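Inspection log for the structure reproduced underneath, given as structure tokens.
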Amino acid sequence: MIKLFSFSRYKLSSLIAVLSLLLLMFTHRISGQVSSYSFAQSSGSFTPISGTVLGSATANTTTANLNSNVFPLMLPFSFSFNGISYNDLNVSTNGFITFGTTAPSSTNTTPISNTANYDGAISVWGRDISSFFDINTKSGDISWAVIGSAPSRELVIQWNNFRPNSSTVLTTVYSFSFQIRLRETSNIIKMIYDGGAYLVGNTSISGTTQVGLRGSTAADFNSRLNSTATEYINSSTGVANNSSQAFNTITAIPGMPVSGLIYTYTPPTCWVPQSLTGLTTTTNSADVSWVAPIITPLGYDIYYSTSNTPPTSATTPSIVNVSGTSTTLNSLAVSTVYYVWIRSNCGSGDTSVWSSQPTMVVTSCQPTTITSSTGATVCAGATATLSASAQDASAILNWYDAATAGSNVGTGSSFTTPALTTTTNYWVSASIVSSDMYIGKDTPVSASGNSAFTNYGLVFDAYSPMVIKEVDVYPMGTGTTGTVTINLKNSSGTILDSKTVNVNVTTAGILNTVLLNFTVPVAGANYRLVVDAATGVNNLRREITTGFAYPYVLPGVCSITAASFGANPSQSYYYYLYNWKVAGICESPRTMVTASIDAGCLSTSETDSKNTLKVYPNPFSDMIYLSDASKVKNVKVSDVSGKVLRTISKPEAELRLSELPSGMYILVLEMNDGTVQTIKTIKK
């Protein structure tokens, strides 16, 4: 009987340790944080430049009016953006610049929310825009110049005579200009706008534009926001990477940027560390490490918690002013998930912001132990029975053919090997399975469903080996019964287990509890539990937009992180599989147990004291004879590798082995009284 520990439905008992020996490590790369740049707005003057032209409008067509172009630009001095020094950048006609070796696509019109792999972006008027050619003697261009003297030079990139949208219409032409200015040494960023005016017509032009900064990913942003009910000049801090500023060329609210409007972004003096990583854990400690930022601070502050609520500037660190780039978190609880944040401490109260996303570490469970094991010595060609016992007599004993990984070859207090020809090592471990726990959304809120049945379900991380016992589904159909196929997949999409079950569809959205008993063999990220097929089912209930919140975390066991939306994960849905019943598996280290071969058994004259039996001739040609076949139950003929070539039940005195090629063979004689005689013989 498996020993079960008691857990509450939604959290582990603090008294019982039941879960993973293995650690699942999560790494979060922090390449600085543009969110830590300070923002200021001021009024000044727009000073146009006359510099090197990158591109000019040559006609009023989409191919000639500076629409969807990207220009590379070598910098006259090194500029540090988001903690990294750059000597070049890319200029987009769509109102922004980017850093890094990956240039933006020419059609990128959302530089801050876009998931492209550039290192960062500065967006002064980020949307689909274009210029014009020879309208009232004016034409558009993009140019750059350097003003001032080292070490306080300023690189100015100017979009001159641009429309606020992309258009080739000549009956209405609204023109305005804007600049990005990069200051040497201080690495301050300025965005400066000139006032706009109609050159032709007066038809209203309105929309939204992305303004601000983006880091190496769209998750790192510092954007501006105003609605159509707020003046452009009264923007606030953006709340998402797609936050934008509304504008209108006619209506005063939201209006357009006024001439001399200046946005200033100042980098922090203390930068966030990079690549915070969880390392080895024990039952009550965890090691973490990180990479120093471009400017090394005096030390680092660490904050960790069992809650994933991020710290603020007012949060007291758990560990203060750590020197070096690693530390150990001590006095942790067994089998518990901890979320870890880090910041730089530059002294005198100057600290960076906390890392934007936590690294997650999971302390090990407290497994039972193998207290004894017994090997065996047998003759070549015979099986061996190995045994073991655990500290907890009700633990499950698992037998493996390797010290790590390998295959599970048996369970139980004893294990009988295949026929052996060489001394072979096996390994045994002891597992404790927890009592039932529940994770995921309990029941549907939505009354609607979806009919996509290929890789639709949920994505989860396993912190330890575990069993998914049951899930609830709510099918909708027009008949009485149907089927649903549920698959367990690893991160590469390989199916680890599968089950097709009958479901009741007599009532729309009726509860069906599906028995799975799927084993997740090792800790790992991005497993999927998905519906891959259904018959007689029109839809399965699912949630969209509201009524759920990721992640669903079962400390020390697993975390449901997103919906499996076909080939992609999505946090905008909750698909199909409700109220998971799961159990954690806490497994001990493996202990080696040896099955040894007695070399003395290989004598060709070997006999059994109770069954004196002659096998002759030896060597033989085609026939071999048994002196008393009545004592023999079975004869197994094996090659020297132990592979059984032939089994002869109730043999006669004469064994015909003409089909065997020349070589050495092992005869295993299983006697009627249960004893075994092993004889080495040679075919000529």
Side-chain angles (χ1 to χ4, degrees), residues 41-60 64-71 73 89-97 109 111 121-147 154-170 172-183 189-202 204-212 224 232-233 235 245 247-250 254-265:
Q41 179 177 314
S42 60
S43 298
S45 60
F46 181 88
T47 304
I49 61 169
S50 178
T52 302
V53 175
L54 294 174
S56 300
T58 57
N60 288 301
N65 66 351
L66 289 178
N67 178 48
S68 299
N69 303 111
V70 176
F71 305 101
L73 175 60
L89 51 78
N90 295 287
V91 181
S92 171
T93 55
N94 288 327
F96 65 93
I97 64 175
T109 60
I122 301 172
S123 180
V124 58
W125 193 263
R127 61 175 277 122
D128 188 12
I129 59 176
S130 62
S131 186
F132 51 84
F133 175 71
D134 195 21
I135 303 296
N136 286 346
T137 71
K138 292 187 176 183
S139 297
D141 62 65
I142 296 178
S143 61
W144 68 277
V146 178
I147 60 176
E154 197 168 51
L155 173 69
V156 183
I157 303 168
Q158 178 175 278
W159 289 256
N160 181 51
N161 290 328
F162 265 71
R163 301 172 184 255
N165 63 337
S166 179
S167 177
T168 57
V169 173
L170 301 182
T172 292
V173 178
Y174 182 93
S175 173
F176 80 128
S177 302
F178 46 87
Q179 299 172 343
I180 291 176
R181 294 184 172 230
L182 308 179
R183 180 64 64 88
I189 301 164
K190 289 190 176 183
M191 304 175 187
I192 305 179
Y193 299 87
D194 192 13
Y198 280 96
L199 302 181
V200 177
N202 61 0
S204 174
I205 302 169
S206 61
T208 60
T209 181
Q210 291 191 354
V211 179
R224 304 304 298 171
Y232 188 97
I233 59 174
S235 67
Q245 290 202 241
F247 67 89
N248 190 298
T249 56
I250 294 292
M256 289 288 289
V258 298
S259 182
L261 173 66
I262 302 174
Y263 285 176
T264 301
Y265 289 90

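What you see is a predicted model, and the numbers here were worked out from it, not measured in a lab.
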Determine whether [X] and [Y] make a side-chain contact, defined as any pair of heavy atoms from C-beta on separated by less than 4.5 Å.
{"X": "Ser177", "Y": "Asn161", "result": "yes"}
{"X": "Ile142", "Y": "Trp159", "result": "yes"}
{"X": "Val91", "Y": "Ile97", "result": "yes"}
{"X": "Leu182", "Y": "Leu89", "result": "yes"}

Verify, without hydrogens or angle tests, whether [X] (side chain) and [Y] (backbone) share a donor-acceptor contact under 3.5 angstrom.
{"X": "Thr264", "Y": "Lys190", "answer": "no"}
{"X": "Arg127", "Y": "Thr208", "answer": "yes"}
{"X": "Ser130", "Y": "Ser167", "answer": "yes"}
{"X": "Asn60", "Y": "Phe133", "answer": "yes"}

Write down the atom of [X], the atom of [Y], and the distance for their closest heavy-atom approach.
{"X": "Tyr232", "Y": "Gln245", "value": "O-NE2, 3.0 Å"}
{"X": "Ile129", "Y": "Thr93", "value": "CG1-O, 3.1 Å"}
{"X": "Ile180", "Y": "Ile122", "value": "CD1-O, 3.6 Å"}
{"X": "Val53", "Y": "Ser56", "value": "CG1-OG, 3.3 Å"}
{"X": "Ser131", "Y": "Gly140", "value": "OG-CA, 2.8 Å"}
{"X": "Tyr174", "Y": "Ile205", "value": "CB-CD1, 4.0 Å"}

Donor-acceptor pairs under 3.5 angstrom involving side-chain atoms of residues 191-200: please list them, not counting sequence neighbours.
{"unit_1": "Tyr193", "atom_1": "OH", "unit_2": "Val124", "atom_2": "O", "d": "2.7"}
{"unit_1": "Asp194", "atom_1": "OD1", "unit_2": "Ser259", "atom_2": "OG", "d": "3.1"}
{"unit_1": "Tyr198", "atom_1": "OH", "unit_2": "Thr203", "atom_2": "O", "d": "2.6"}
{"unit_1": "Tyr198", "atom_1": "OH", "unit_2": "Thr249", "atom_2": "OG1", "d": "2.6"}

Original post:
Aromatic ring centroids of Phe162 and Trp125 under 6.0 Å?
Top reply: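 No, the ring of Phe162 stays outside the 6.0 Å limit from the ring of Trp125, centre to centre.
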
At what distance, to the nearest 0.5 angstrom, does [atom1] of [X] lie from [atom2] of [Y]?
{"X": "Ser123", "Y": "Asn94", "atom1": "OG", "atom2": "CG", "result": "9.5 Å"}
{"X": "Asn160", "Y": "Asp141", "atom1": "CG", "atom2": "CG", "result": "5.0 Å"}
{"X": "Thr209", "Y": "Phe178", "atom1": "OG1", "atom2": "CZ", "result": "8.0 Å"}
{"X": "Gln158", "Y": "Leu54", "atom1": "CD", "atom2": "CG", "result": "11.0 Å"}
{"X": "Asp128", "Y": "Ser68", "atom1": "CG", "atom2": "OG", "result": "5.5 Å"}

**OP:** Please name all residues satisfying side chain to side chain donor-acceptor pair (under 3.5 Å) with Asn90, sequence neighbours left out, ordered by chain then number.
**Re:**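 Applying side chain to side chain donor-acceptor pair (under 3.5 Å) to Asn90 gives none.
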
Taking distance alone, no hydrogens or angles, what donor-acceptor pairs closer than 3.5 Å link side-chain atoms of residues 41-52 to residues at least two apart or in another chain?
{"unit_1": "Gln41", "atom_1": "NE2", "unit_2": "Ile233", "atom_2": "O", "d": "2.7"}

